[in-house]
Structure formats: structure tokens, C-alpha cells
Amino acid sequence: MTFTQANSTAVSIPSVTLIDARGPRFGAAITSIILAIALVAHSPVVIAISFAFFLIGAIRGPQFTPQGLFFKKFVKPRLSGETPTEDARPPRFAQQVGLAFTVVALVAGVASWSAVFTVAVALCLAAALLNAVFNFCLGCEIYLLSVRLRSR
Amino acid sequence: MIVVGLTLAFGLWHKASRSRITAKKATLTPVLTETELGQAFGSRATFVQFSSAFCSPCRATKALLTEVTADLPDVVHVDIDAESHLHLIRRLSINSTPTTLILNRDGVEVGRAVGAPKRDQVLAALAAIL
């Protein structure tokens with residue numbers, strides 16, 4: 001685990017990947033747009049694109065998604081000021097949550113379960129928007145709750 | 001449009017609720033023992049921070065509290081991994097990370113910061129503990 005335990009001093013952290021903290025937020029803005037299009041057009045094809053992006057982010061990390069690469073190549077060089085960095089794991093966890101939602105949406109879309117599709121895409125869009133607009137930390141809010149529920 | 005509206009409303013509410021340190025009503029009961037904490041309470045105050053792996057603001061909070069307490073020998077900062085201390089999490093009603101409890105010298109919770117606190121909030125909370 002990353003953090004110092006209560007009953008021991010400094011636990012060393014094995015190779016934490018640090019990324020530009022603005023990257024995942026930019027990526028979430030793009031994701032929000034894609035998901036909004038999917039919701040309005042009710043399109044499984046558009047969700048498939050979003051699913052593919054989340055798949056890359058969930059497995060390799062958010063810095064390797066098309067949005068992440070675009071940010072690195074075109075957006076980052078135009079940003080000034082000090083680069084805020086963050087651990088790559090929290091945004092990667094968020095990508096995994098996004099992946100879970102888009103899997104449900106994709107299956108529902110292909111199977112023509114219209115209501116399920118709408119709800120799954122809407123929840124995913126809400127999470128992505130919170131991330132883009134408020135820098136919402138999904139891992140902070142739901143990871144602990146999920147651990148609490150699983151171990152009950 | 002509904003989704004966007006609800007999301008933005010939730011976001012604003014969430015942001016407002018996370019950007020303050022709530023003072024606790026005066027009680028005399030310690031919330032933790034020094035044994036559970038793994039070390040002695042600070043002679044003035046103790047910050048008990050609960051963190052998890054998938055949490056960026058936890059790192060920022062840890063850095064801030066480490067820095068603030070560095071010059072204060074009577075204030076202790078302890079960072080606890082929430083996931084491996086679920087019994088404490090349940091007992092103390094901690095639902096998200098980072099959550100930082102501010103304890104007085106007797107281990108009584110006098111304040112709580114949910115989310116990453118700001119420097120001046122931390123200093124103000126400390127100033128309130130004599």
C-alpha cells in the first residue's frame with residue numbers, strides 16, 4: 001500500500017508513475033462530449049468508441065488513451081506554469097469504473113435494452129462531467145465504500 | 001440536459017461540502033486510543049488522516065499536513081491506510097478519502113476535514129485548540 005501505516009514508519013512505495021494532473025481532466029472533457037453524443041444519438045457505435053478509449057485507459061493508464069496522447073502532443077506544449085503531477089493510479093481507477101459502465105451500455109445497446117443503455121450512459125456521462133468540471137476524484141469517493149461493502 | 005443539470009448541481013453541492021473543516025460538538029470521549037493510533041497523541045493536537053491508494057488529494061493533504069506539523073513539536077500527523085483499517089473506518093464513519101480528524105491532546109475529535117483542506121483552514125483549526 002502507498003501510505004504510511006498507523007503502526008509503522010515510512011513504507012516505501014514501489015515505482016509510482018507520476019503524470020501531468022491536467023491530462024486526465026482534459027481527457028474527461030473529451031469523454032464527456034463523446035458520451036453526450038452517444039446519449040443523444042442513442043448510438044451503440046459511439047459507445048463502442050468510448051469503450052475502446054476506456055479499455056486503453058483501464059489497462060495501460062489514462063496517459064495512453066487517444067485523449068491522453070492528444071493532450072501530451074498538442075495541449076501540454078501550450079500550457080504555461082508549473083506542471084502539477086499526480087499518481088497515475090487514481091485516474092486509472094476512474095477509467096476502470098468508466099469501462100464497467102460502458103460495458104453495460106454496450107451490451108444493452110447491442111441487445112436493444114433501451115432503458116438500461118440510457119441509464120448506464122447517463123451515469124458514465126455524469127461521472128466524466130464531474131471529473132472535467134470539478135476535478136472530481138472518483139477513487140476518493142467510491143473506492144473506500146466499495147471496500148467497505150465487499151468486506152461486510 | 002437533465003443529466004448535465006443534475007451533475008452540475010451535485011458537483012457544486014459536493015464542492016461546497018468538501019471545502020470546510022467542520023467543528024465537532026464538545027464531547028469528552030476520545031475517538032481513538034494511542035494503541036490504535038500506534039503512537040502517542042500530540043501534546044496539543046493530532047491530525048489523523050485516512051488515505052487510500054486511488055486518491056490524488058490524499059497525497060496533497062499528506063504533504064500539507066507534514067509540512068505544517070514539521071515546525072510544531074506539540075502537533076502530530078498520522079497517515080493511516082483506510083483500506084487496511086476497516087474497523088476504524090466503520091467506527092469513525094469515514095466514507096471517503098482523504099478524511100482528516102483533528103484530535104485534542106486527550107484524543108477527543110474536535111474537528112473533521114473531508115477532502116483536501118487548505119493551509120489557512122488547517123492553521124485556523126489548530127489555533128482554535130489551545
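Each chain gets a letter, A, B and so on, in the order its sequence line appears, and its residues count up from 1. Everything numeric in this text was worked out from a predicted model, so none of it was measured.
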Residue of the set B:Asn95, B:Ile89, B:Thr99 for which side-chain contact (heavy atoms from CB on, under 4.5 Å) holds with A:Leu144: B:Ile89
same_hphob_cluster(B:Phe47, B:Leu123) at 4.5 Å side-chain heavy-atom cutoff: yes
Chain A contact via B:Leu88 - which portion, at a heavy-atom distance below 4.5 Å: neither
Minimum-distance pair of heavy atoms, taken over all atoms of B:Ile94 and A:Arg148: O-NH1, 2.8 Å
Salt bridge (Lys or Arg N to Asp or Glu O under 4.0 Å) partners of A:Arg22, counting only residues at least two apart: A:Asp20
Heavy-atom pairs under 4.5 Å with chain B, option from A:Ala21, A:Pro90, A:Ser32 with the top count: A:Pro90
Toward chain B: residues of residues 107-142 of chain A with heavy atoms under 4.5 Å: A:Ala122, A:Leu125, A:Ala126, A:Leu129, A:Leu130, A:Val133, A:Phe134, A:Phe136, A:Cys137, A:Gly139, A:Cys140, A:Glu141
Atom group of B:Val48 that falls short of 4.5 Å from chain A, counting heavy atoms: neither
Test item: B:Glu83 and A:Tyr143 side chains (from C-beta on) under 4.5 Å apart, heavy atoms: yes
Salt bridge (Lys or Arg N to Asp or Glu O under 4.0 Å) involving A:Glu86 - partner list, sequence neighbours excluded: none
Close contacts, residues 34-72 of chain A versus chain B, judged by heavy atoms under 4.5 Å: A:Leu39
Interatomic distance, B:Cys55 atom SG to A:Phe93 atom CZ [nearest 0.5 angstrom]: 11.0 Å
Nearest heavy-atom neighbours spanning A:Asp87 and B:Arg59: N-NH1, 3.3 Å
Shared hydrophobic cluster, B:Leu92 / A:Leu145 (ILVMFWY, side-chain heavy atoms < 4.5 Å): no
A:Ile30 reachable from A:Phe101 in the ILVMFWY side-chain graph, under 4.5 Å edges: no
